[in-house]
Amino acid sequence: QVQLVESGGGLVQAGGSLRLSCAASGTFFSINVMGWYRQAPGKQRESVATITSGGVTNYADSVKGRFTISRDNAKNTVYLQMNSLNPEDTAVYYCYCNAVIATGWRNYWGQGTQVTVSS
């Protein structure tokens, strides 16, 4: 019902920046929350940043001051601007949304995009 397509991942040197994008498409009425999660090998998936339809944001302590999440409701797209990247940011980043569909609401996940930060 909802497909999420991420883009913008890649390889960057420590101290550099990347901008991730995720566009939602399919059959839905609206999206309540969009966000980004990440998972490094051997570790649990963790929330990086989320943003509600009203613009309320939440960040993991490890990325506060460095990452900025935003969304374009008209395009059903969420962005993650990542600055001052360090090797600990290396992970697969997954786009997330909670969408309102015909039967209620449901969570969706993207396939993930690799972010690698070299030291």
Side-chain angles (χ1 to χ4, degrees):
Q1 294 179 344
V2 179
Q3 296 81 44
L4 300 175
V5 180
E6 301 117 327
S7 63
L11 175 65
V12 67
Q13 192 175 41
S17 299
L18 285 174
R19 183 176 177 85
L20 304 182
S21 299
C22 175
S25 62
T27 304
F28 56 88
F29 297 113
S30 62
I31 298 175
N32 297 320
V33 179
M34 302 189 79
W36 293 92
Y37 289 67
R38 68 185 181 187
Q39 186 169 25
K43 296 184 178 180
Q44 295 189 56
R45 186 177 298 185
E46 64 175 352
S47 176
V48 177
T50 59
I51 183 169
T52 70
S53 60
V56 178
T57 60
N58 187 50
Y59 296 93
D61 289 339
S62 60
V63 307
K64 287 181 179 177
R66 300 188 297 120
F67 291 9
T68 302
I69 189 169
S70 61
R71 64 189 286 176
D72 185 335
N73 291 329
K75 297 181 178 180
N76 294 314
T77 300
V78 63
Y79 307 93
L80 185 67
Q81 178 66 47
M82 304 185 293
N83 298 325
S84 301
L85 286 162
N86 59 65
E88 292 189 357
D89 295 316
T90 296
V92 177
Y93 284 69
Y94 296 91
C95 180
Y96 159 84
C97 80
N98 177 266
V100 179
I101 58 177
T103 55
W105 56 267
R106 185 176 175 181
N107 297 323
Y108 295 91
W109 296 88
Q111 294 187 109
T113 184
Q114 178 69 48
V115 172
T116 302
V117 184
S118 62
S119 59

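In this text, all values refer to a predicted model and were calculated from it rather than measured experimentally.
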Pairs of donor and acceptor atoms involving the side chains of residues 73-85, under 3.5 Å and at least two apart or interchain, shall be tabulated with distances.
{"unit_1": "Asn73", "atom_1": "OD1", "unit_2": "Arg71", "atom_2": "NE", "d": "2.7"}
{"unit_1": "Asn73", "atom_1": "OD1", "unit_2": "Arg71", "atom_2": "NH2", "d": "3.3"}
{"unit_1": "Thr77", "atom_1": "OG1", "unit_2": "Lys75", "atom_2": "O", "d": "2.9"}
{"unit_1": "Gln81", "atom_1": "OE1", "unit_2": "Arg19", "atom_2": "NH1", "d": "3.4"}
{"unit_1": "Gln81", "atom_1": "NE2", "unit_2": "Asn83", "atom_2": "OD1", "d": "3.0"}
{"unit_1": "Asn83", "atom_1": "OD1", "unit_2": "Ser17", "atom_2": "OG", "d": "2.9"}

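Under the 4.5 Å side-chain heavy-atom criterion for ILVMFWY residues, a single connected hydrophobic cluster contains both Val115 and Leu4. Hydrophobic clustering (ILVMFWY, side-chain heavy atoms < 4.5 Å, transitive): Trp36 and Val12 are in one cluster. One hydrophobic cluster holds both Leu18 and Val63 under the rule that ILVMFWY side chains link at heavy-atom gaps under 4.5 Å. Val33 and Val48 fall into different hydrophobic clusters, where Ile, Leu, Val, Met, Phe, Trp and Tyr side chains are chained together by heavy-atom contacts under 4.5 Å.
Taking CG of Leu11 as the start and OG1 of Thr116 as the end, the distance is 6.0 Å to the nearest 0.5 Å. Atoms OH and OG1, from Tyr93 and Thr113 in turn, are 10.5 Å apart once rounded to the nearest 0.5 Å. Remark: Thr68 OG1 to Tyr59 OH distance equals 4.5 Å, nearest 0.5 Å.
Tyr94 contributes no side-chain N or O that, together with a main-chain N or O of Gln39, makes up a donor-acceptor pair within less than 3.5 Å. The backbone N or O of Arg38 sits nowhere less than 3.5 Å from a side-chain atom of Glu46 that would complete a donor-acceptor pair.
At a threshold of 4.5 Å between non-hydrogen side-chain atoms, the residues Asp89 and Arg66 count as touching.
For the side chain to side chain contact (heavy atoms under 4.5 Å, CB included) criterion with Tyr108, the lone passing option out of Met34, Gln3, Gln1 is Gln1. Each of Asn32, Thr52, Ile31 was checked for a side chain to side chain contact (heavy atoms under 4.5 Å, CB included) with Asn98, and the lone residue meeting it is Asn32.
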_Pair Arg45-Trp109, side-chain contact (heavy atoms from CB on, under 4.5 Å): steps then yes or no_ = CA-CA 12 Å; Arg45 186 177 298 185; Trp109 296 88; 3.3 Å; yes
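Here the shortest heavy-atom pairing between Leu20 and Gly9 reads CD2-N, 3.5 Å. Between Cys97 and Val2, the shortest heavy-atom distance links the atoms SG-CG1, 4.1 Å. Contact between Ile69 and Gly35 at its shortest, heavy atoms only, is CD1-CA, 3.9 Å. Ala14 and Ser119 make their closest contact through CB-CA, 4.3 Å (heavy atoms, listed as atom of the first residue, atom of the second, distance).
For Gln114, the CD atom counts as densely surrounded, since its 6.0 Å shell holds more than 12 non-hydrogen atoms of other residues, nucleotides or ligands.
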